[in-house]
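Remarks on the structure that follows.
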Number of protein chains: 2
Amino acid sequence: MTRKLAQLKLEFTESLSQISRFWGFPRGMGAIFAVVYLAPDALSLDEIAERTGLTKGAVSTEIRSLARLGLVHRSTRLGDRRDFYKAETDFFQSIRSILKERQTSEFDRALKSVSQAVSSLDSGQVAGDQAEILFIRERLRALQDFFNAIDSLANAVTRLETLGFSNVKRILSALK
Amino acid sequence: MTRKLAQLKLEFTESLSQISRFWGFPRGMGAIFAVVYLAPDALSLDEIAERTGLTKGAVSTEIRSLARLGLVHRSTRLGDRRDFYKAETDFFQSIRSILKERQTSEFDRALKSVSQAVSSLDSGQVAGDQAEILFIRERLRALQDFFNAIDSLANAVTRLETLGFSNVKRILSALK
DNA sequence: CTGTACGTTTAGAATTTACTAAACGTAGTA
DNA sequence: TACTACGTTTAGTAAATTCTAAACGTACAG
């Protein structure tokens, strides 16, 4: 039984919306990416708004996030004031952008916060029950180690020129 | 200048709350984990409620999520009807649980959804403009490849007996 | 059987987030 | 100058989420 291509695109858009929400991004973000990803040509803001059913304003803000994450790219055409958007097709590239993004904001702050706590405990700047201080110092140090390991990993991935399938295979064999 | 240990614990709790929210988990979840993680002994539900400032009900539901993710463990004491919770200290273990958890729900559905779309395109079950069908088929296949790569990676990590520092180092050197 | 000490569930309040509609700013055009 | 075609920002709304307070169920103690 055959079905319309339009229906397939709609289902895909719905699917990406779900995933987007699941990973903590707005629902509309997934929908916008889906529409752009399935379009052979770069789309204008109004075209995206029409195809997703969102308003121009919403698309404007969401697509900025997508661009910041490197999932879409903005381009212009001579003699045309509109912006056009096309999807990034190298997803590993996108993953790197996302890791970089996430890393630089909250993750870094957390890492610093813990490090600072550890050092103030180390230099005896904290008053309190001695046994508990020792215990907490150990726990925080363990957490700090963990954060540092994650940080190194993310940095390594971020720094790779291309994290393509070949590199993923190398990682998988290292894990074996 | 010295400060109170209690204050340090409070700051840490606040910090983990932020991170929790950042990664799409409830704010209270981070707070609960922080409190449990800094406690030398396993804590009862009421103790956690008191130390976080949340109600018993909230702690009850949040801690179930934490347990499901493997971030805390529930234990009991003979002759005591209460449950006690202690923190998992092997964070790499926790990461595996979280990956497993996330993977099995939405991610898998997405993967299947895309695979199904590709195969219905492949077997000519979709009616529409032929050139567009070919284009979309290619895009979906690329996405499918990507999902499969991620899936393999997550599976590999999940299957590792222990993803400790030594393994992280192996990964890092493979990435170099 | 009744009372008590638990954990869980529920109904709803408070907050946050995602989104809409419309105003706004700007650059090009007549 | 005014007009048009854009993208952006804003004010407010709808919806989802996180949490509280209280009811509930259960198991053990007396």
Side-chain angles (χ1 to χ4, degrees), chain A residues 13-14 16-36 42-69 71-86 102 105-106, chain B residues 13-14 16-36 42-69 71-86 102 105-106:
Chain A
T13 303
E14 179 57 31
L16 278 204
S17 298
Q18 301 274 90
I19 299 182
S20 182
R21 199 167 60 95
F22 181 72
W23 287 93
F25 299 106
R27 209 172 124 277
M29 212 167 127
I32 291 172
F33 181 78
V35 161
V36 174
L43 298 177
S44 72
L45 201 118
D46 280 313
E47 283 170 323
I48 297 171
E50 195 216 331
R51 298 191 190 190
T52 53
L54 299 172
T55 58
K56 233 177 17 156
V59 175
S60 173
T61 59
E62 299 294 359
I63 206 133
R64 209 181 314 139
S65 308
L66 283 170
R68 200 161 40 92
L69 295 177
L71 280 162
V72 301
H73 301 287
R74 180 180 304 213
S75 58
T76 52
R77 293 176 190 166
L78 291 172
D80 193 331
R81 263 192 290 137
R82 287 175 294 174
D83 294 336
F84 291 90
Y85 298 91
K86 59 186 199 322
R102 293 223 149 171
S105 40
E106 287 304 309
Chain B
T13 302
E14 178 59 29
L16 277 204
S17 298
Q18 301 272 90
I19 299 183
S20 183
R21 200 166 59 95
F22 182 73
W23 287 94
F25 299 106
R27 209 173 126 278
M29 211 167 130
I32 292 172
F33 181 78
V35 160
V36 174
L43 299 178
S44 73
L45 202 117
D46 280 313
E47 282 169 323
I48 296 170
E50 195 215 331
R51 299 192 191 188
T52 54
L54 298 173
T55 58
K56 232 177 19 156
V59 176
S60 173
T61 59
E62 299 294 357
I63 204 131
R64 210 180 315 137
S65 308
L66 283 170
R68 202 160 39 91
L69 295 177
L71 280 162
V72 302
H73 301 286
R74 178 180 306 213
S75 58
T76 53
R77 292 176 192 166
L78 291 172
D80 195 330
R81 264 191 289 136
R82 288 174 293 174
D83 295 335
F84 292 90
Y85 298 91
K86 60 186 197 322
R102 294 222 149 173
S105 41
E106 287 304 310

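Being a predicted model, the structure only gives us computed values, none of them experimental. The figures that follow rest on heavy atoms only: side chains count, while hydrogens, waters and symmetry mates do not. The chains referred to below are lettered A, B, ... by the order of the sequence lines, with proteins before strands, and numbering in each begins at 1.
- The nearest whole Å value for the distance from the CZ atom in B/Arg64 to the P atom in C/dG7 is 12 Å.
- Between the P atom of C/dA13 and the CG atom of B/Leu54 lies a distance of 20 Å, rounded to the nearest Å.
- In terms of position on DNA chain D, the residue among A/Tyr85 and B/Arg81 whose nearest nucleotide sits closer to the 5' end is A/Tyr85.
- Within the 4.0 Å cut-off from OP1 or OP2 of D/dT17, at least one side-chain nitrogen or oxygen of A/Arg21 is found.
- Taking 4.0 angstrom as the limit, B/Arg27 places a side-chain polar atom (N or O) nearer than this to OP1 or OP2 of D/dC19.
- Between B/Phe25 and B/Leu69, the shortest heavy-atom distance links the atoms CE2-CD1, 4.1 Å.
- Protein atom CD of A/Glu62 is 14 Å distant from nucleotide atom C1' of D/dT9, rounded to whole Å.
- In this structure, A/Leu66 places its CG atom 13 Å from P of C/dA18, rounding to the nearest Å.
- Distance B/Asp80 CG to D/dC28 P: 12 Å, rounded to the nearest Å.
- Shortest non-hydrogen contact noted between A/Ser65 and A/Met29 is CB-SD, 4.2 Å.
- Contact between the side-chain N/O atoms of A/Thr55 and the OP1/OP2 oxygens of C/dA21 is not found at any separation under 4.0 Å.
- Residue B/Ile63 contributes atom CD1, which lies 15 Å from atom P of C/dT9 at whole-angstrom precision.
- Between the side chain of A/Thr13 and the main chain of A/Ala34, no donor-acceptor pair closer than 3.5 Å is present.
- When the P atom of C/dT8 is taken as reference, atom NZ of B/Lys56 falls 10 Å away, rounded to whole Å.
- Residue A/Ser20 comes nearest to A/Gly30 through the heavy atom pair OG-N, 3.4 Å, listed as atom of the first residue, atom of the second, then distance.
- Under 4.0 angstrom from either OP1 or OP2 of D/dT8 there lies at least one side-chain N or O belonging to A/Ser60.
- In terms of heavy atoms, A/Phe33 sits closest to A/Val72 at CD1-CG1, 4.0 Å.
- Note on A/Gly53: only backbone sugar-phosphate atoms sit closer than 4.0 angstrom, heavy atoms only; bases stay farther off.
- For the pair A/Asp83 CG and D/dA5 P, the interatomic distance rounds to 17 Å; values are reported in whole Å.
- Checking D/dT18, D/dG7, C/dT20 against the side-chain heavy atoms of B/Pro26 singles out D/dT18 as nearest.
- Summary of the strand contacts: A/Thr61 and A/Arg82 both lie near DNA chain D, and taking for each the nucleotide with the nearest heavy atom, the more 5' one is attributed to A/Arg82.
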